[in-house]
2 protein chains.
Amino acid sequence: MEIDAAAASAGMTSKDYYFDSYAHFGIHEEMLKDEVRTVSYRDSIIKNKHIFQGKVVLDVGCGTGILSMFAAKAGAKHVIGVDMSNIIDKAKLIVEENGLSDKITLLKGKMEEVVLPYDKVDIIISEWMGYFLLYESMLDTVLVARDKYLQPNGMIFPDTATMVISTLEDADYKEEKLNFWNDVYGFKMSCIKEAAMSEPLVDTVEARCINSSQCVFKTIDILTVKKEDLTFNVPFEITIERDDYVHAFISWFDIEFRACHKPVRFSTGPFAKYTHWKQTVFYTKDNLTVSKGDVIKGSIACAPNGENPRDLDITIDYEFEGKEDSSKDRIEYRMC
Amino acid sequence: MEIDAAAASAGMTSKDYYFDSYAHFGIHEEMLKDEVRTVSYRDSIIKNKHIFQGKVVLDVGCGTGILSMFAAKAGAKHVIGVDMSNIIDKAKLIVEENGLSDKITLLKGKMEEVVLPYDKVDIIISEWMGYFLLYESMLDTVLVARDKYLQPNGMIFPDTATMVISTLEDADYKEEKLNFWNDVYGFKMSCIKEAAMSEPLVDTVEARCINSSQCVFKTIDILTVKKEDLTFNVPFEITIERDDYVHAFISWFDIEFRACHKPVRFSTGPFAKYTHWKQTVFYTKDNLTVSKGDVIKGSIACAPNGENPRDLDITIDYEFEGKEDSSKDRIEYRMC
């Protein structure tokens with residue numbers, strides 16, 4: 001038996017899941033220790049006191065309250081932190097321990113249901129991003145908060161997210177992850193190979209394994225995006241940069257705080273420092289023999305799964321006419 | 001947000017948890033790829049055909065069916081695999097794909113409720129071990145199966161488990177894990193430090209950091225142990241082997257298949273090859289300055305938690321009169 005992975009793959013109902021998943025400090029430890037993430041938020045807030053001075057700030061999914069405390073330190077008039085998870089009970093102790101109880105009000109509950117002490121807020125801050133940006137993401141909740149509480153000309157930190165796709169040389173790991181199931185101590189486990197193939201793999205990838213241009217296939221303006229915009233089917237075009245093999249598509253996202261005096265940005269891609277979001281790998285059924293200058297055209301579709309809206313259905317169509325090889329396929333993935 | 005750790009720390013009800021946690025292939029991939037684990041089971045079964053020949057075998061918590069297939073290959077007359085998780089649906093496909101459907105019967109359900117095609121079985125095989133051997137372990141279910149189905153003089157694979165305690169020099173990591181909460185980007189988070197202190201840490205430890213003798217504090221004979229024996233309070237005595245500091249107690253377990261012609265053994269300790277069980281670290285409140293020959297006497301108590309029986313309450317009492325230092329403490333941990 002094995003425990004972490006067991007729970008990690010537990011098919012809880014969304015309610016159980018949401019309610020409990022952030023209660024344990026372990027996940028907050030990993031997020032706080034992700035310095036790319038936390039320092040970007042800190043800089044975007046603390047280094048922009050002129051923006052936060054005297055403002056009413058709403059922290060959506062406040063967790064341990066770290067962002068709320070940054071905002072209070074940046075001179076906010078008042079900060080309201082909202083979270084459904086029991087971690088907020090610890091956040092209350094933390095805010096008190098740091099002498100910020102008069103500046104920060106923490107409310108446990110759903111964004112849709114809690115009663116805020118203000119009709120409108122000046123700034124929304126939130127760390128809502130999930131794997132592949134949108135998997136198990138809290139963006140829907142941020143949009144609810146924005147539409148209900150953010151006043152005209154209000155700001156959102158961060159305000160921009162971009163999603164990128166590229167291609168990957170990944171022979172060894174693909175062998176290990178997929179072909180392992182062809183001979184498991186002498187036995188075939190094809191049904192598990194299929195399951196492994198149809199699920200995107202969240203893992204870190206070495207920059208040197210990226211062998212094509214990177215295509216931004218989706219840009220999200222948090223100030224204006226609508227929930228329905230998060231279900232999409234968009235084209236992409238990638239140019240191969242060296243003679244190589246393509247074993248997978250890979251996706252990551254970049255985050256921007258454009259409202260800052262000097263925009264703060266961070267990337268979760270393979271060319272940037274490690275983040276706990278890693279990257280998302282989509283293995284192709286065929287391995288493509290690609291040559292420098294070859295072009296891969298395709299489209300990527302993303303939608304909540306019909307049965308379980310917390311799962312993400314991701315479909316990649318691609319077409320490729322290369323010097324050495326050509327191929328065309330549609331692969332349906334389910335992120336669960 | 002972060003996902004794996006989130007679910008990993010989700011406080012599901014035991015029912016949800018058990019039902020769902022093994023449904024995803026990811027956990028079985030990790031267990032199968034744990035070669036110390038899987039090869040030990042394979043050797044204990046495949047290399048003991050004389051034991052399995054013509055026997056009726058019960059596989060408790062069969063998962064992907066790998067142990068059932070080993071038993072079938074070893075010449076078992078019939079193998080019954082039982083598992084509550086939906087993974088058994090894949091196991092059925094796997095057994096079929098490997099042409100063993102006539103030898104292996106897979107039953108989905110609780111051990112207490114499923115109806116076996118035999119009144120008695122000759123051999124029970126099971127991989128039931130959890131972290132710290134007993135955390136979220138399936139041993140209770142194995143005992144139910146044993147008492148209901150194993151015939152007199154029947155065998156259980158494995159048949160012996162031993163739990164070991166020692167001491168650890170772990171200055172840097174203890175600093176990182178506990179003192180991190182003293183200054184989180186300028187804020188104190190004492191309540192989380194307390195939570196981190198009271199929870200055993202499952203992680204791999206370098207053998208060179210073990211600085212005392214190892215004391216076996218519990219030996220479990222799977223053929224005779226009773227459920228109540230799994231709640232215990234036992235003494236231990238450890239002798240320090242070099243002048244050093246002790247930052248934590250550390251525990252691991254060893255597993256034996258004594259019924260084999262040539263006994264098969266594996267250890268999950270720091271002196272053996274990596275296993276997914278890793279080791280379990282219990283940080284002490286004080287760091288002890290220890291000298292070669294110093295003796296630490298104490299006791300370790302283990303019991304299911306009152307509120308949530310899936311959690312484990314572990315209490316370590318110790319007393320130490322060393323050449324350079326002396327200390328005495330009782331530390332209560334909760335594994336959850």
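Just so it is clear: chains get the letters A, B, ... in the order the sequence lines come, proteins before strands, and each one is counted from 1.
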Chemist: Give the intermediate values and the outcome of salt bridge (Lys or Arg N to Asp or Glu O under 4.0 Å) for residues Asp203(B) and Lys278(B).
Modeler: CA-CA 5 Å; Asp203(B) 211 337; Lys278(B) 303 174 180 168; 5.1 Å; no
Chemist: Look up atom CD1 in Ile255(B) and atom CD in Glu127(B), then write down how far apart they are to the nearest 0.5 Å.
Modeler: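 Result: 8.5 Å between the selected atoms.
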Chemist: Report the option among Ala91(A), Gly186(A), Ser190(A), Cys336(A) that has the most heavy-atom pairs separated by less than 4.5 Å from atoms of chain B.
Modeler: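 Looking at each of Ala91(A), Gly186(A), Ser190(A), Cys336(A) in turn, Ser190(A) comes out on top.
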Chemist: For the atom pair CE (Met189(A)) and CD (Glu97(B)), what is the distance rounded to the nearest 0.5 Å?
Modeler: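 The distance works out to 9.0 Å.
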Chemist: At a heavy-atom separation under 4.5 Å, does Lys177(B) approach chain A through its side chain, its backbone, both, or neither?
Modeler: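 Contact with chain A is through both the backbone and side chain of Lys177(B).
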Chemist: With chain A, which of Ile66(B), Thr64(B), Leu93(B), Leu32(B) has the greatest number of heavy-atom pairs at distances under 4.5 Å?
Modeler: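 Looking at each of Ile66(B), Thr64(B), Leu93(B), Leu32(B) in turn, Leu32(B) comes out on top.
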Chemist: Taking the six-membered ring of Phe180(A), is the NZ or CZ of Lys33(B) close enough (under 6.0 Å from the centre) and on axis enough (within 45°)?
Modeler: yes
Chemist: Parallel, tilted or perpendicular: which fits the ring planes of Tyr41(A) and Phe266(A), with parallel below 30° and perpendicular above 60°?
Modeler: tilted
Chemist: Can you tell which part of Leu100(A) gets under 4.5 Å to a heavy atom of chain B, answering side chain, backbone, both or neither?
Modeler: side chain
Chemist: With only heavy atoms counted, which part of Glu199(B) is less than 4.5 Å from chain A, the side chain, the backbone, both or neither?
Modeler: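 Just the side chain, heavy atoms under 4.5 Å.
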